[in-house]
Q: 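Below you will find the structure I want to go over with you.
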Amino acid sequence: MRVRFAPSPTGRMHLGSGRMALYNYLLARKTGGQFILRVEDTDQRRYVPTAEQELYDGMHWLGLQWDEGPDVGGPYGPYRQSERKEIYQQHAKMLIDSGHAYYCFCAPERLERVRQEQMKRKEQPHYDGTCRALDPAEAAARVAAGERHVVRFKTPKEGTTTVVDEIRGAITVQNSSIDDQIILRSDGLGVYHLAAMVDDHLMKITHVFRGSEWLPSFPLHHLIIRAFGWEPPKFYHLSVFLKPSGKGKMSKREAADLMKDGFSIFVKDFEELGYLPEAVVNWIVLMGWSYDDHTEFFTMQDLIEKFSLDRFNPSPAAINFSKLDHFNGLHIRSLSHEDLARRIKPFFLKAGIQADDARLLRIVPLIQHRIGTLDEAVDMAGFFFRDEVTPPVEDLVIQGLSAAQSAQVARRCLEVLKGLPEINVETAEEPMRALVEALGLKPGQVFGLLRSAVTGQRVSPPLFESMAVIGREKVLERIERAIRLLEGM
RNA sequence: GCCCCCAUCGUCUAGCGGCCCAGGACGUGGCCCUCUCAAGGCCAAAACAGGGGUUCGAGUCCCCUUGGGGGCACCA
C-alpha cells in the first residue's frame, strides 16, 4: 500500500492538512506501506517560500515521518512537481496523440468574455470548444511555428461517467457537464488535473485521500486516468472543517480572533499555545473518523493499530476547541513525571524563569492534574522558583477577621511551624489542623492565609506539599513577611 | 444561475430494517470528595430537519422540500 500527502506550499499548514497527513501516515504504518510527501508547487504565482518549511515542521511536530519526499528522496522522484515539467509535457503529448486531448490557441481575454456571456445566460460556464474542432495536423503545425498554446482534455459530450468515492459510494454525472479543462499551461507546466493523476500513477499510489473540494472534478480525473489506460487508485474525499459555529469555513479574520483566545487553526501554533502533539493528533483524528461507539483516547501507537478505512464520516465537521482542551488534559495526565517536566521547562524559560530539573520534577506531581495546557504550569508553579513573593495584602486578611487578628493567627501558625525540624505533609498538616481547631476557625480560612503568604497566589497546588518543595527556611521567611504586611495595614 | 456532496443532542460522533421510548464524548447544570484550584466519582437536561412513500416493522432504503457545505480559473 502506497499513500501520499500532496500539499501545495501556498500558505500556512492548517488542521485540515494535518488530519490529511495523519490519515496517510496511519494507513502506511498500519499496513507496512510507504508514505510519500509530494509538494504540488506548479503555480509559481501562489508559491510561499516559507510554506514548505512550515509543512515539514508541522508534520515533524505531529510525529508524522514520511518515507519518500523532496528532502529525503526516494525511487520515484523528483517529489516536487515544479521539477517534473517534462513528465507532464510527455504525458500531455501522449493524450494528444491518442486523440484524448488537443491544442488550444484561444486568448484568455476571449475566454473570459465567453464566460461572462454564459453566466449572463445563467449557464454553467464552460469552454466553447473553438479549438476542439481544429484539424490536429494544422494545430500541430501552429505549435511547431511557435504559437502560444495550452493543452485541453477532450471530454465526451454524451453519456455519463460513474466514479466511486470510497466514503460516499458511486457518483454519476452527465459527461456534457464536464468541461474541456486545460491540463497543460502555456508555460508548459501541468495543472493539477494532469499532474496529480500522472504522479499518483507513476508513484504507484494505491489510496488517495484528498479534500471534498475535489469531488466536482473527480469524474474528469477518472476520465484522464482512463484515457491513459491506467487503473485508478481508490479515492477517499474527506470533508472540510467548519468553524466552531458550524456555519461555513474559517476566514482569515476569524483565525486571527481565535489566536486571541488561545486557539488557532494552524498546526505550528499549537506548540507554543501549550498543546501536546499527542492531544492534537487525538483530536483531529476523530473529526471525520471513529473507532467504535465509545473509545476516544488514542496514542499514536493505538491509532496505527486501530485505524481503518471503513469508518469515515462524509459530513463536514465543526471544529470544537473545548474538546481539544479535554484531550490535552488527558494526555498531560498520562505523561510520566520526567516527560512532563521536560515539556513544561521551555515555558518557564520563555517566562524568564530558570527552572532547574530537580525542582521541576518535584513540582510536576503537584500540577499534573491542575493544568490544561503546558503554559499554565508557569502561572500555577512559578512561585516555586522566585526568591520572594508579594501577595496582595487583602488576600492575607481572613474573611470575617481584621488585619490585626489575621496577623495574630499568622503568628500562631509561625510558632507551630518553627517548632518543626522540617515542613511537609507528614510533619505539618496534623499540628496545623489542631491549631485551626484551637483557634475556632475553619481550615479554609487559615490555610487560605498561609497559601497567599507562601505562594503569593489565591490558587496553588496543595499547601503542605508546596511548603515541602519551597523548604522550611523560605516558608518561615515568607510567613514573617506576610505578618509584617498585615501589621502595616 | 448551474453541477456535486452532506443532514442523529449546542459540538464531535455510534447506529449499516426489528438489539434504539437512540449509545459514548466534549460542553452545561447538580451532588460527592476537598486547604484553594483542578483531577476523580455519581446524576441530570439535551438529537433522529420536515413531508411523502417502500415494508409486518425506518434514525437506518427511495423521492421531494428545507438547511448546510463544496465546485464552476492557464489555483490547488
Side-chain angles (χ1 to χ4, degrees), chain A residues 6-10 40-43 45-46 81 104 106 108 111-112 115 118-126 148-152 165 167-168 171-174 177-179 181-189 191-193 195-196 210-219 237 239-240 242 244-249 283 286-297 310-311 313-327 329 333 367-372 376 380 429 432-433 436 442-452 455 457-464:
Chain A
S8 59
T10 54
E40 309 215 324
D41 58 347
T42 54
D43 187 357
R45 287 175 332 204
R46 294 207 308 156
Q81 288 189 328
C104 174
C106 294
L111 262 17
E112 183 53 35
R115 235 193 314 274
Q118 288 167 336
M119 299 225 284
K120 212 179 292 172
R121 273 181 273 132
K122 301 193 189 301
E123 288 171 18
Q124 181 164 341
H126 63 281
R148 193 174 174 81
H149 65 278
V150 298
V151 175
R152 284 183 187 274
D165 170 59
I167 301 176
R168 280 160 263 255
I171 298 165
T172 300
V173 298
Q174 297 292 326
S177 74
I178 309 174
D179 202 4
Q181 291 287 344
I182 290 172
I183 55 175
L184 199 75
R185 279 192 278 254
S186 53
D187 64 6
L189 262 159
V191 305
Y192 177 90
H193 305 308
R210 36 147 53 165
S212 62
E213 66 267 23
W214 292 113
L215 231 28
S217 49
F218 188 17
H237 293 90
S239 58
V240 294
L242 271 25
S245 65
K247 304 278 183 213
K249 286 203 301 186
W283 179 48
L286 254 13
M287 301 183 74
W289 178 85
S290 63
Y291 175 64
D292 59 19
D293 62 349
H294 65 280
T295 313
E296 293 214 310
F297 181 88
D310 54 0
R311 297 194 61 91
N313 185 322
S315 41
I319 297 174
N320 183 349
F321 289 101
S322 63
K323 194 125 187 179
L324 168 62
D325 285 338
H326 170 250
F327 280 125
R333 276 167 253 140
I367 63 169
Q368 187 160 28
H369 290 262
R370 276 171 246 270
I371 57 174
E376 287 170 13
M380 183 64 74
E429 182 158 6
M432 287 306 290
R433 284 189 186 278
V436 166
K442 298 241 185 286
Q445 295 176 293
V446 178
F447 293 172
L449 185 165
L450 290 177
R451 161 167 290 105
S452 287
T455 70
Q457 317 178 160
R458 299 180 88 111
V459 172
S460 82
L463 186 57
F464 299 107

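Each chain gets a letter, A, B and so on, in the order its sequence line appears, and its residues count up from 1. Nothing here was measured: the structure is a model prediction, and the numbers come from that model.
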Q: Please classify the nucleic acid contact of A:G329 as base, sugar-phosphate, or nothing, using heavy-atom distances under 4.0 Å.
A: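 It contacts nothing in the nucleic acid.
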Q: Measure the spacing between CG of A:D179 and NE2 of A:H193 and express it to the nearest 0.5 Å.
A: 9.0 Å
Q: Looking at every strand, decide which applies to A:L450 at a 4.0 Å heavy-atom threshold: base, sugar-phosphate, or nothing.
A: nothing
Q: So A:E296 and A:K323, do their side chains get closer than 4.5 Å, heavy atoms only?
A: yes
Q: Distance from A:Y192 atom OH to A:Q81 atom CD, nearest 0.5 Å?
A: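 Those atoms lie 9.0 Å apart.
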Q: Can you tell me how far P in B:rA58 sits from the matching atom in B:rG51, rounded to whole Å?
A: 14 Å
Q: With nearest nucleotides of RNA chain B determined for A:R121 and A:H149 from heavy-atom distances, which residue corresponds to the more 5′ nucleotide?
A: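 Result: A:R121.
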Q: Using the C1' atom as the point on both nucleotides, what is the distance between B:rG70 and B:rC61, in whole Å?
A: 26 Å
Q: Rounding to a whole Å, what distance do you find between A:Q181:CD and B:rA76:P?
A: 11 Å
Q: Residues two or more places apart in sequence or in another chain: which of them pass salt bridge (Lys or Arg N to Asp or Glu O under 4.0 Å) with A:R115?
A: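 Salt bridge (Lys or Arg N to Asp or Glu O under 4.0 Å) check on A:R115 returns A:E112.
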Q: Just jot down the salt bridge (Lys or Arg N to Asp or Glu O under 4.0 Å) partners of A:R311, sequence neighbours excluded, or say none.
A: none
Q: Describe the nucleic acid contact of A:M287 in one word from base, sugar-phosphate, nothing, applying a heavy-atom distance below 4.0 Å.
A: sugar-phosphate
Q: Could you work out the separation of B:rG52 and B:rC12 based on their P atoms and round it to a whole Å?
A: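 Looking at atom P only, B:rG52 and B:rC12 are 28 Å apart.
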Q: Could you give the distance separating B:rG23 and B:rA14 at their P atoms, to the nearest angstrom?
A: 15 Å
Q: Is the backbone of A:A196 close enough, under 3.5 Å, to the side chain of A:E40 for a donor and an acceptor to pair up by distance?
A: no
Q: Atom CD of A:E112 to atom P of B:rC74: distance rounded to whole Å?
A: 9 Å
Q: Quick one: which protein N/O atoms are closer than 3.5 Å to N/O atoms of nucleotides 65-71 of chain B? Pair and distance per line, please.
A:
unit_1	atom_1	unit_2	atom_2	d
B:rG69	OP1	A:G248	N	3.3

Q: Using 0.5 Å steps for rounding, measure from the CZ atom of A:R333 to the CD1 atom of A:I371.
A: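 One gets 9.5 Å once the value is rounded to the nearest 0.5 Å.
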Q: May I ask which nucleotide in the shown strands pairs with B:rC56, Watson-Crick or G-U wobble, both distances under 3.5 Å?
A: B:rG18
Q: Determine yes or no for a side-chain-to-main-chain donor-acceptor pair under 3.5 angstrom, with A:W283 supplying the side chain and A:N320 the backbone.
A: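 Yes; judged by distance alone, with no hydrogens or angles, the pair exists.
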Q: Identify whether any heavy atom of A:V446 sits under 4.0 Å from a base atom; if not, whether one sits that close to sugar-phosphate; answer base, sugar-phosphate or nothing.
A: nothing
Q: Separation of A:I167 atom CD1 from B:rC5 atom C1', in whole Å?
A: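 For the pair A:I167 CD1 and B:rC5 C1', the rounded distance is 11 Å.
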Q: Need one value for A:R168: base, sugar-phosphate or nothing, where a base atom within 4.0 Å counts as base even if backbone is also close, heavy atoms only.
A: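 Sugar-phosphate, no base atom in range.
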Q: What does A:P125 touch in the nucleic acid at a heavy-atom separation under 4.0 angstrom: a base, only the sugar-phosphate, or nothing?
A: base
Q: Suppose you measure atom C1' in B:rC33 against the same atom in B:rC26; what distance do you get, rounded to whole Å?
A: 23 Å
Q: Quick check: does any side chain N or O of A:T42 sit under 3.5 Å from a backbone N or O of A:V191, one acting as donor and the other as acceptor?
A: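 No; zero donor-acceptor contacts below 3.5 Å.
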Q: Paired with B:rC48: which nucleotide, if any, by Watson-Crick or G-U wobble criteria at under 3.5 Å for both distances?
A: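 Paired with no nucleotide.
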Q: Can you check the A:H126 NE2 to B:rC2 P distance for me, whole Å?
A: 15 Å
Q: Given that both distances must come in under 3.5 Å, which nucleotide forms a Watson-Crick or G-U wobble pair with B:rG27?
A: none
Q: Quickly work out the A:K120 NZ to B:rC2 C1' distance and round it to whole Å.
A: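 Interatomic distance, NZ of A:K120 to C1' of B:rC2: 17 Å.
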Q: Are more than 12 heavy atoms from other residues, nucleotides or ligands located less than 6.0 Å from atom OH of A:Y291?
A: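 Incorrect, the count does not exceed 12.
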Q: Please pick, from B:rA76, B:rA14, B:rC6, the nucleotide with the shortest atom-to-atom distance to any side-chain atom of A:R311.
A: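 It is B:rA14.
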Q: Would you measure the distance from the C1' atom in B:rG15 across to the matching atom in B:rG71 and give it in whole Å?
A: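 Nearest-Å result for B:rG15 against B:rG71 at atom C1': 31 Å.
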Q: Please work out if A:S177 contacts a base, only the sugar-phosphate, or nothing of the nucleic acid, heavy-atom cut-off 4.0 Å.
A: nothing
Q: Is any side-chain heavy atom of A:S212 closer than 4.5 Å to a side-chain heavy atom of A:R168?
A: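 Contact flag for A:S212/A:R168 side chains = yes.
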Q: What's the gap between B:rC42 and B:rG24 when it is taken at their P atoms, as a whole Å value?
A: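 Comparing P positions in B:rC42 and B:rG24 gives a spacing of 12 Å.
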Q: Hey, does A:T42 reach any base, or is it just sugar-phosphate, or nothing, if we go heavy atoms under 4.0 Å?
A: sugar-phosphate
Q: Under 4.0 Å between a side-chain N/O of A:S239 and OP1 or OP2 of B:rC5, yes or no?
A: no
Q: Rounded off to whole Å, could you give me the CD1-to-C1' distance for the A:I171 and B:rC4 pair?
A: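 Taking atom C1' of B:rC4 as the reference, CD1 of A:I171 is at 7 Å.
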Q: Show me the protein contacts with nucleotides 22-25 of chain B, counting only N or O atoms at under 3.5 Å.
A:
unit_1	atom_1	unit_2	atom_2	d
B:rG23	N2	A:D293	O	3.2
B:rG24	O2'	A:H294	O	3.4
B:rG24	N2	A:E296	OE2	3.2
B:rA25	O4'	A:E296	OE1	3.3
B:rA25	O2'	A:E296	OE1	2.5
B:rA25	O2'	A:K323	NZ	3.2
B:rA25	N3	A:K323	NZ	2.8

Q: For the C1' atoms, the ones on B:rU11 and on B:rG1, what distance do you get once it is rounded to whole angstrom?
A: 34 Å
Q: Measure the spacing between CZ of A:R370 and CE of A:M380 and express it to the nearest 0.5 Å.
A: 6.5 Å
Q: Rounded to whole Å, how long is the line connecting atom CD of A:E123 with atom P of B:rC72?
A: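 So the CD-P distance, A:E123 to B:rC72, works out to 18 Å.
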Q: If B:rC2 has a Watson-Crick or G-U wobble mate with both distances under 3.5 Å, name it; if not, just say none.
A: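 Pairing partner, where one exists within any strand: B:rG71.
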Q: If pairing requires Watson-Crick or G-U wobble contacts with both distances under 3.5 Å, which nucleotide is the partner of B:rC35?
A: none
Q: Identify the nucleotide, in any strand shown, that forms a Watson-Crick or G-U wobble pair with B:rC9, with both distances under 3.5 Å; if there is none, say none.
A: none
Q: Base contacts versus sugar-phosphate-only contacts with protein, heavy atoms under 4.0 Å: please encode nucleotides 30-47 of chain B as B, S and - from 5' to 3'.
A: -----BBBBSS-------
Q: Strictly distance-based, threshold 3.5 Å: is any side-chain N or O of A:N313 a donor or acceptor partner for the main-chain N or O of A:S315?
A: yes
Q: Look at A:N313 and B:rA14 and indicate whether a side-chain polar atom (N or O) is within less than 4.0 Å of OP1 or OP2.
A: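 Looking at the OP1 and OP2 atoms of B:rA14, one of them is under 4.0 Å from a side-chain N or O of A:N313.
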Q: State which residues pass side chain to side chain donor-acceptor pair (under 3.5 Å) with A:D325; sequence neighbours excluded, sorted by chain then number.
A: A:Y275
Q: Considering only heavy atoms from C-beta outward, does the side chain of A:V173 approach that of A:F218 to under 4.5 Å?
A: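 No - every pair of side-chain heavy atoms lies 4.5 Å or more apart.
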Q: Please give, in whole Å, the distance from B:rC74 P to A:L184 CG?
A: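 Taking atom P of B:rC74 as the reference, CG of A:L184 is at 13 Å.
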